[in-house]
Visitor: 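One structure follows; several queries about it will come next.
FYI, the numbering just counts along the sequence from 1.
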Amino acid sequence: RYEKAKLVKSILTARQTDKQIRKLCPNRFMNLLDITNPTQLLPGMHADLNVTLLFADLRGFSAAAETMTHSELYNILLDYTKIVNPIIGARGGFVDKWVGDGVFAVFQDPEEAVFAAVELQHAVKVLNGERAKAMATTPALTEVKISFADGSAGSSPHQASSEELT
């Protein structure tokens with residue numbers, strides 16, 4: 001009985017760990033590298049690709065953020081990420097990283113990146129309308145840049161030691 005409970009706990013822990021790792025290594029990224037599990041990702045593993053990079057941010061956000069409370073800032077960014085992430089995912093892209101209010105996304109299909117950019121513009125306009133009804137706020141404007149590039153996607157060639165991770 002004890003062994004069975006220990007096994008169940010071990011399986012649940014492994015599932016939770018896998019779930020957390022997959023947040024850092026999206027399935028679409030793994031597909032680019034032709035792997036199915038993040039544990040297969042080795043230092044220096046990469047694939048040469050033709051990709052479309054999308055960068056979107058809220059125009060003038062840094063200056064506006066200086067006048068906001070922490071709570072206001074958090075809520076605006078939360079609302080923004082709630083609309084940006086699903087649009088990028090629905091169009092076949094994946095978020096590479098967020099830097100403040102800026103998002104870098106990777107697409108294999110350039111047309112889908114353009115459609116995502118248009119949808120982002122519309123969604124922010126809708127969000128502005130909702131926020132204006134709730135409170136007097138300065139409308140956010142999304143600036144989107146798209147770049148078509150040949151490049152590599154992959155992991156760092158450097159394998160972190162356990163000391164670097166703690």
Side-chain angles (χ1 to χ4, degrees), residues 3-59 61-62 74-127 140-166:
E3 290 300 317
K4 186 175 180 181
K6 192 174 173 183
L7 178 62
V8 168
K9 184 177 180 182
S10 175
I11 290 170
L12 291 175
T13 301
R15 285 183 181 165
Q16 185 64 25
T17 301
D18 185 63
K19 218 175 180 180
Q20 294 299 321
I21 290 172
R22 287 180 185 276
K23 286 181 182 179
L24 299 172
C25 189
N27 285 334
R28 289 189 174 118
F29 175 74
M30 290 189 295
N31 291 343
L32 293 176
L33 297 176
D34 199 26
I35 60 174
T36 57
N37 190 305
T39 59
Q40 296 171 303
L41 186 61
L42 302 172
M45 183 180 277
H46 72 281
D48 293 330
L49 307 165
N50 292 317
V51 294
T52 303
L53 306 172
L54 178 146
F55 174 75
D57 72 339
L58 297 172
R59 192 176 306 148
F61 186 75
S62 295
Y74 175 81
N75 287 326
I76 288 172
L77 290 175
L78 182 63
D79 290 345
Y80 185 55
T81 58
K82 282 181 181 176
I83 62 170
V84 171
N85 289 340
I87 290 170
I88 289 170
R91 287 295 179 178
F94 67 89
V95 173
D96 177 49
K97 71 180 96 223
W98 279 93
V99 180
D101 64 305
V103 62
F104 289 91
V106 179
F107 294 82
Q108 285 192 278
D109 184 340
E111 282 187 12
E112 292 299 323
V114 173
F115 287 134
V118 171
E119 289 175 23
L120 286 172
Q121 294 282 355
H122 176 73
V124 169
K125 190 175 183 179
V126 170
L127 179 64
L141 300 171
T142 302
E143 185 171 335
V144 180
K145 297 174 180 130
I146 297 176
S147 175
F148 306 96
D150 294 328
S152 287
S155 66
S156 167
H158 172 70
Q159 185 168 6
S161 68
S162 59
E163 292 82 28
E164 290 175 303
L165 297 174
T166 55

Visitor: Hey, which of Val84, Ile76, Thr81, Leu77 is the one that makes side-chain contact (heavy atoms from CB on, under 4.5 Å) with Asp101?
Guide: Leu77
Visitor: How close do Val144 and Ala117 get, counting heavy atoms only, and between which atoms?
Guide: CG1-CB, 3.5 Å
Visitor: Output the distance between atom CZ (Phe61) and atom OH (Tyr80), rounded to the nearest 0.5 Å.
Guide: 9.5 Å
Visitor: To the closest 0.5 Å, what do you measure between CD (Glu111) and OG1 (Thr52)?
Guide: 10.0 Å
Visitor: Rounded to the nearest 0.5 Å, what separation is found between the CG atom of Leu127 and the CG atom of Asp79?
Guide: 5.5 Å
Visitor: Minimum heavy-atom separation for Leu120 and Ala56, please, with both atom names.
Guide: CD1-CB, 4.1 Å
Visitor: Taking atom CD of Glu112 and atom CD1 of Ile87, what is their separation to the nearest 0.5 Å?
Guide: 12.5 Å
Visitor: Keeping Ser10 on the side-chain end and Lys6 on the backbone end, is there a donor-acceptor pair under 3.5 Å?
Guide: no
Visitor: If you compare all heavy atoms of Ala113 against all heavy atoms of Ile146, which two are closest, and at what distance to 0.1 Å?
Guide: O-CD1, 3.8 Å
Visitor: Which value, rounded to the nearest 0.5 Å, describes the distance between Phe94 atom CZ and Phe107 atom CZ?
Guide: 10.0 Å
Visitor: Determine, step by step, whether Asp57 and Val103 satisfy the side chain to side chain contact (heavy atoms under 4.5 Å, CB included) criterion, reporting the C-alpha distance in whole Å, the side-chain angles of both residues, the deciding distance to 0.1 Å, and the verdict.
Guide: CA-CA 6 Å; Asp57 72 339; Val103 62; over 6 Å; no
Visitor: How far does CG of Asn85 sit from CH2 of Trp98, to the nearest 0.5 angstrom?
Guide: 5.5 Å
